[in-house]
Protein chains: 2
Amino acid sequence: MAATRRPTLADVAREVGVSAKTVSRVLNEDGPSSPQTRERVLAAVAKLGFQPNLMARNIRVGGPDTTVGLVVPDLGNPFFGTVAGGMEDVVRGRGLTLLMGSSAEDPERERVLTETFLARRVSILMVVPAFGADHRYLKVPRAAGLPVVFIDRPGVGLSTDCVVSSNRAGVHDGVSHLAAQGHRRIGFIGDLPAKLYTRRERLAGYTSALEEAGLPYDRALVTGAHGQETAAAATTKLLALADPPTALFAGNNIVAMGVVAQLTRAGRKDVALVAFDDLPLAEVLEPALTVVAQDPAAIGEAAARTALARLDGDRSRARTVTVPTRLVVRASSRPPRRGRTPAEAGS
Amino acid sequence: MAATRRPTLADVAREVGVSAKTVSRVLNEDGPSSPQTRERVLAAVAKLGFQPNLMARNIRVGGPDTTVGLVVPDLGNPFFGTVAGGMEDVVRGRGLTLLMGSSAEDPERERVLTETFLARRVSILMVVPAFGADHRYLKVPRAAGLPVVFIDRPGVGLSTDCVVSSNRAGVHDGVSHLAAQGHRRIGFIGDLPAKLYTRRERLAGYTSALEEAGLPYDRALVTGAHGQETAAAATTKLLALADPPTALFAGNNIVAMGVVAQLTRAGRKDVALVAFDDLPLAEVLEPALTVVAQDPAAIGEAAARTALARLDGDRSRARTVTVPTRLVVRASSRPPRRGRTPAEAGS
DNA sequence: GTGAAAGCGCTAACAC
DNA sequence: GTGTTAGCGCTTTCAC
């Protein structure tokens, strides 16, 4: 089975005995065409298995491609998949196709992927910035009218639209809830690196909640993790402190899984826990996990709507859309054990 | 901020005072070029923010685009995200970019997405077929040399490479394990619709394991679900039978979550459970979940390698690659309660 | 209702 | 080392 050349418009035209332009007219429902030619063109298209070459078309038409490029740091994280799903639902209504690629949280790969999207002239570019990436190179395409939206974290060196969760307020709610339950030593296990936007924002929510509750900030109670294993290790470390926490706040879904796993392995059901971002089985865990739920689909939808407005000529100042989080109280955020002071809890 | 036209090769050439071809030579490291012109071209490129139009390039060169198109039915399911990650790792080494889009398990959307990939002349097409889709329209592009690989399920009407999990053998192992624990009434909750490839294959593993164990096949013990809620309902239904199962087999990760949730809500820790496909928190559940683990990254890698071999001229017959599953025994597959017959278990 | 010619942005094939 | 010409597959423009 030799690799035959893909048929072109000209091939179809030759087959039918008309000009290329006539075939083009029929296929794009441009200008008029007699029913007979229409018929015969369609037949030839089917016979040859002709598929118009969109690249050639776009080149001639000059406009952008009817695609939306989305760069995410991790294809396996359902959070980003759900964000993408929300986006898709919105852009599809405009005839746009969402194409997603992964940066693997690597600035270099993010850049390469972004450039291939630019080189393919996507209509909209959505990016979940990898830590350490610099986005100044997006200034020119953006100035040329390409809508660029950052998701989950703001980009660096480029002022453009951005859609994020209410990180501060969400964590504030979760930590306040723990404080209201009577916890006075609350550990925080955030993202890594510590300078990551979501880590900083969520930590700010943590500190403001402590302050509001009149609790002291203890640097020893704050740490970070990347991946389940390091989150488990961080849990162990915090609980081994001389004056250990009676409650933990997990800064994201992956960290939460590591913490839950470690608490289970260690048999520490006495330690309260609240996690940022919901987990599919949160309510089934024992104890059921209290979470600050994000709304990834809403994030995707908001990003898509913002970008479409830009496409429609919205030239207003770059805005940041904050999608609210929601505290879902389940069993894991119970009060500290009665009759035991934090100092005794580890014994 | 008016939408300025994106600069072209000709713009750069004009800026420098050379011909377009010279700029092209510099950028593609084609033919020779003096260090001075090189320098000045690069400067102009940076100044104008020129980004080559890959569509125009591909058109001229005639070859396919350096992209791999992947169609999945659900962006939010980490199984497919992990498959994509495995693929990416392999194709990136060949300078190919993986682009993923969602069919939402809808044959029509699958077709539209696939056609846009074809129209953009991807180098490789990977598809997780939506239920009910017909893939005969892929015959022409495939005959023209486009590698097409089906993932997770075979396509319909097109004989081409396919990469799947060892569904039958995997389920056989899981059900045999339950039988070996002493279970004689084992419920099966598979995918929906019942004609879905994975459902049929997994059910075949179930029946063969029953047969091997000398257990009768009871139609009342076999059902299906799509989504967590229906899986929970199916669980309730099975457990309400006059002669209920003492063990359940969940046919996929989503079904497993629904079953686990329902068993937990109902407080039915006496019911044994084995699930197809691992869950992130499987070992942390109570009881820890016994699973037949798939290897999604390996599936993606195998698919990518197969497709690359085709790209390299492999013209051998279409083959089906089966990626082995692995039984991970945890606590949830414990023996039935002693001293109680199945008939008493519901009381 | 249809066709011929020109051109989108780029590169192959040849000049010089 | 560099420029010219032609042409990829398609659509625009203008003719008939």
Side-chain angles (χ1 to χ4, degrees), chain A residues 4-42 44-45 48-66 115-116 118-122 140-141 144, chain B residues 4-42 44-45 48-66 115-116 118-122 140-141 144:
Chain A
T4 49
R5 200 175 50 84
R6 303 277 286 271
T8 75
L9 247 201
D11 295 328
V12 178
R14 202 170 310 118
E15 176 83 14
V16 182
V18 295
S19 78
K21 178 62 213 180
T22 299
V23 178
S24 168
R25 264 197 275 261
V26 171
L27 294 180
N28 296 310
E29 292 175 346
D30 193 24
S33 55
S34 78
Q36 301 99 299
T37 31
R38 218 186 117 67
E39 194 77 10
R40 293 169 58 216
V41 164
L42 261 20
V45 164
L48 299 180
F50 169 74
Q51 308 248 175
N53 186 328
L54 251 193
M55 297 192 288
R57 170 173 220 288
N58 284 335
I59 263 243
R60 180 66 254 239
V61 174
D65 194 10
T66 56
E115 307 245 71
T116 101
L118 292 176
R120 287 178 180 79
R121 300 298 189 259
V122 291
V140 171
Chain B
T4 49
R5 197 175 54 83
R6 304 276 286 270
T8 74
L9 248 201
D11 294 329
V12 177
R14 202 171 309 116
E15 175 83 14
V16 182
V18 295
S19 78
K21 179 65 211 182
T22 299
V23 178
S24 168
R25 265 197 274 261
V26 170
L27 294 180
N28 296 309
E29 294 176 345
D30 193 23
S33 55
S34 80
Q36 301 99 298
T37 35
R38 218 187 116 69
E39 195 76 9
R40 294 169 55 215
V41 165
L42 262 21
V45 164
L48 299 179
F50 168 75
Q51 307 250 173
N53 186 328
L54 251 192
M55 296 193 287
R57 171 175 219 286
N58 284 335
I59 263 240
R60 178 67 254 236
V61 174
D65 193 9
T66 57
E115 306 245 70
T116 102
L118 292 175
R120 286 177 180 78
R121 300 296 190 259
V122 291
V140 171

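Letters A, B, ... mirror the listed sequences (proteins, then strands); counts begin at 1.
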Side chain Asp11(B), main chain Thr8(B), donor-acceptor under 3.5 Å: yes
Indicate yes or no: does Arg57(A) engage Asp65(A) in a salt bridge with an N to O separation below 4.0 Å. no
Closest of dG9(D), dT2(D), dC10(D) to the Phe50(A) side chain is dC10(D)
Given side chains that start at C-beta, do those of Glu15(A) and Arg40(A) come closer than 4.5 Å, heavy atoms only? no
Can you tell if the side chain of Phe50(B) reaches within under 4.5 Å of the side chain of Val140(A), non-hydrogen atoms only? no
Rounding to an integer number of Å, can you tell me how far Asn53(B) CG sits from dG9(D) P? 16 Å
Once you round it to whole Å, what is the distance between C1' of dT2(D) and CZ of Arg38(B)? 16 Å
Considering only side-chain heavy atoms of Thr37(B), which listed nucleotide, dG9(C), dT2(C), dT2(D), is closest? dT2(D)
Between dG9(D) (P) and Gln51(A) (CD): distance, integer Å: 15 Å
Once base and sugar-phosphate atoms are separated, protein heavy atoms under 4.0 Å mark nucleotides 11-16 of chain D, 5' to 3', with B, S and - as BB----
Quick check: do Arg121(A) and Gln51(B) have side-chain heavy atoms less than 4.5 Å from each other? yes
Length of the CZ-P vector between Arg14(B) and dG3(D), whole Å: 14 Å
So what does Ser19(B) touch, heavy atoms closer than 4.0 Å: a base, only the sugar-phosphate, or nothing? base
In whole Å, what is the span from the CG atom of Leu54(A) to the C1' atom of dC8(D)? 16 Å
Heavy-atom nearest nucleotide on DNA chain D for Pro35(B) versus Arg121(B): which residue maps closer to 5'? Pro35(B)
Under-4.0 Å side-chain N/O to phosphate OP1/OP2 contact, Thr22(A) with dG1(C): no
Side-chain contact, heavy-atom cut-off 4.5 Å: Val26(B) with Val45(B)? no
Which whole-number value in Å describes the distance from Asn58(B) CG to dC8(C) P? 19 Å
Interatomic distance, Leu48(B) CG vs dG9(C) C1' [rounded to whole Å]: 15 Å
dG9(D) P sits how many Å from Arg120(B) CZ, rounded? 18 Å
Using a 3.5 Å distance criterion without hydrogens, assess whether the side chain of Asn53(B) forms a donor-acceptor pair with backbone atoms of Met55(B). yes
